[in-house]
2 protein chains.
Amino acid sequence: MTREAQHSYCTDTQWVGRSECRVCNIRSMMLFSGLPDEAFERLLRPIDNMAFPPGAILYEAGTHGDVVYTIRRGLVKMLHVGADGSQRILRLLGAGSAVGLELLDGGDVYRHSAVAANQVDACRIPVVTIEALEHEFPELTRQARQRLQQHLDRTDEWVLTMGSGPARQRLAHLLLFLTRYTADRNGDIELLSGEDMAAVVGTSVETVSRVVADLKRRGLLERVAAHLYRCDTQAIEALANDADA
Amino acid sequence: MTREAQHSYCTDTQWVGRSECRVCNIRSMMLFSGLPDEAFERLLRPIDNMAFPPGAILYEAGTHGDVVYTIRRGLVKMLHVGADGSQRILRLLGAGSAVGLELLDGGDVYRHSAVAANQVDACRIPVVTIEALEHEFPELTRQARQRLQQHLDRTDEWVLTMGSGPARQRLAHLLLFLTRYTADRNGDIELLSGEDMAAVVGTSVETVSRVVADLKRRGLLERVAAHLYRCDTQAIEALANDADA
DNA sequence: CGGTAAATTGACTGCTCTCAATTTACGTGG
DNA sequence: CCACGTAAATTGAGAGCAGTCAATTTACCG
């Protein structure tokens, strides 16, 4: 493994340890909620706990694979790369979400690329393990279906709020999204890179920069620390829904 | 029931008869494919066969309901109505697709509105019937999950192709979509109303009209009969992917 | 302290929206 | 079968937002 630090702390995709689902502190959010402890006794293949630094690739679109990830911490971007190399972010998924669920329908090829936007902790679950457990606990199939329904709901909201309208409103919705799903205890959020924000709302990088600069000038977005911003949720919400100032 | 004809033939939402899943000629596409004949012996509630004229409402967003529809013929638009009355079409679903699947996750409120874009034939399946069958045939849960995955895949494609870029390219993708899913044996398609096309690609009605008029002038789109159009798939495909004339 | 990549800003062009007028289509009633 | 009325579609003119290209500044890592 090479060590090319993207941040001062770590580093590379790392194997952190064997997952202990029985004592998972967020099991209620995870794919395996509802399964009895004994279900984890005799797994066909182990579940590993992985740490991905920002920018690390969980998997790439079109590649063969046999594992699903459930996110314990951080934000994962699902993206599509066009023929010309342009990127479009289709979803941002946080703690409790599962990625790679398309493999459960028999295929073995990922439909999108999954890239860590943050420092991400995720459990790597082999598809064979899920299929074995599904056979024994039919409830798991319903769980997976609920996860898909969540993805669908979130994507629909994505399309409605960030898919059309003036760039300023779309970015306002993105900020609200980040506040809702990634804010720390102080309500502060870590902004995406300009390129990523552009890939979410479907505009050019320059437009993103201009709009964000304008929000800062008007005091709707305030820098509280390196990479940490606080936004005036009230005003941004008004901006997102109305079409004024 | 009032009778306000939208076309010369019928008319109103009609009960056509009891569905006979055992002899369904497109059962392989439907939700119940894979179920043995005997599964239909003792349903808790009957499955009805419904005919919806263009514009008929299958259900409206936010309303209570307890049935899922599977489409046998025609095109159904799933749409969201904004606070200002503006409509945005999130998906167009054709034969073999199921709508209202969100009810299977325990809720009883539809998340979108479903409206017939065409003359639509659909089977009305009570949720209790599906749940009872799921208990007996776990395979059905997987079927429903696959349907959701299909919706998700289609929505992703929708976002990528019709969610950004110049209006001309987005409309080109819409024409290709209609050709793929609704063309008759001659390859001809029935265009949506200008308002509906605008609600799909997220532009104004005027822009749609201008682009369509331009395509007609250039011979890429030809009227072969009332409401029936034939398009030069080759040229439209080039237009959809490249950015030139 | 230096180098590379990202972000910012400006000027200009072009596309799309809005508003408005006109034409066409279509169902209704004579 | 034809005349009429409403709604949809079409077309035009003008303004504004966003994209592109290019130059500059800033940030970040070694």
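Here is the naming used below: chain letters follow the sequence lines, and residue numbers restart at 1 for every chain. Every value quoted in this text rests on a predicted model; they were computed, and no experiment measured them.
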Return no unless some side-chain N or O of A:K216 is found under 4.0 Å from OP1 or OP2 of C:dT8.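 For C:dT8, OP1/OP2 do have a side-chain N/O of A:K216 under 4.0 Å.
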State the CD-NE2 distance between A:E102 and A:H112, to the nearest 0.5 angstrom.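 Atom-to-atom, A:E102:CD and A:H112:NE2 are 6.0 Å apart.
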Do B:T70 and B:V99 have side chains that approach each other closer than 4.5 Å (heavy atoms only, starting at C-beta)?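 Not touching, per the 4.5 Å side-chain cut-off.
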Close side-chain approach of B:N241 to B:H173, heavy-atom, < 4.5 Å: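 The answer is yes, as the side chains (C-beta and beyond) meet within the 4.5 Å cut-off.
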In whole Å, what is the span from the [atom1] atom of [X] to the [atom2] atom of [N]?
X: B:L215; N: D:dT10; atom1: CG; atom2: C1'; value: 15 Å
X: B:Q169; N: C:dT16; atom1: CD; atom2: P; value: 10 Å
X: A:R168; N: D:dG19; atom1: CZ; atom2: P; value: 13 Å
X: B:M197; N: D:dA8; atom1: CE; atom2: P; value: 14 Å
X: B:D84; N: C:dC17; atom1: CG; atom2: P; value: 15 Å
X: B:L221; N: D:dT10; atom1: CG; atom2: P; value: 11 Å
X: B:Q87; N: D:dA8; atom1: CD; atom2: P; value: 12 Å
X: A:L171; N: D:dA18; atom1: CG; atom2: P; value: 10 Å

Tell me which of A:A167 and B:V212 sits closer to the 5' end of DNA chain D, going by the nucleotide each one is nearest to.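 Here B:V212 is the residue nearer the 5' end.
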If you assign A:G202 and A:A226 each to the DNA chain D nucleotide with the nearest heavy atom, which residue ends up on the more 5' nucleotide?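 Result: A:G202.
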Would you mind classifying the nucleic acid contact of A:R217 as base, sugar-phosphate or nothing, using non-hydrogen atoms under 4.0 angstrom?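 Sugar-phosphate, no base atom in range.
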Within residues 203-210 of chain A, which residues have any heavy atom lying less than 4.0 Å from an atom of DNA chain C?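 Per residue number, the list reads A:E206, A:S209, A:R210.
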Considering only D:dA18, C:dT8, C:dC26, which nucleotide approaches the side chain of B:H227 most closely?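 Of D:dA18, C:dT8, C:dC26, C:dC26 is nearest to the side chain of B:H227.
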Between A:V68 and A:G100, which heavy-atom pair has the shortest distance, and what is it?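 Here A:V68 and A:G100 meet closest at CG2-O, 3.5 Å.
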Quick one: do B:L90 and B:L79 satisfy side chain to side chain contact (heavy atoms under 4.5 Å, CB included)? Show the steps, please. CA-CA 5 Å; B:L90 289 166; B:L79 51 87; over 6 Å; no
Step by step, would you call A:V224 with A:Y229 a side chain to side chain contact (heavy atoms under 4.5 Å, CB included)? CA-CA 5 Å; A:V224 294; A:Y229 290 82; 5.9 Å; no
Give a yes/no verdict on a cation-pi contact between A:R154 and A:F177, requiring under 6.0 Å between NZ or CZ and the six-membered ring centre and an angle within 45° of the axis.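 Here A:R154 fails the 6.0 Å and 45° test against A:F177.
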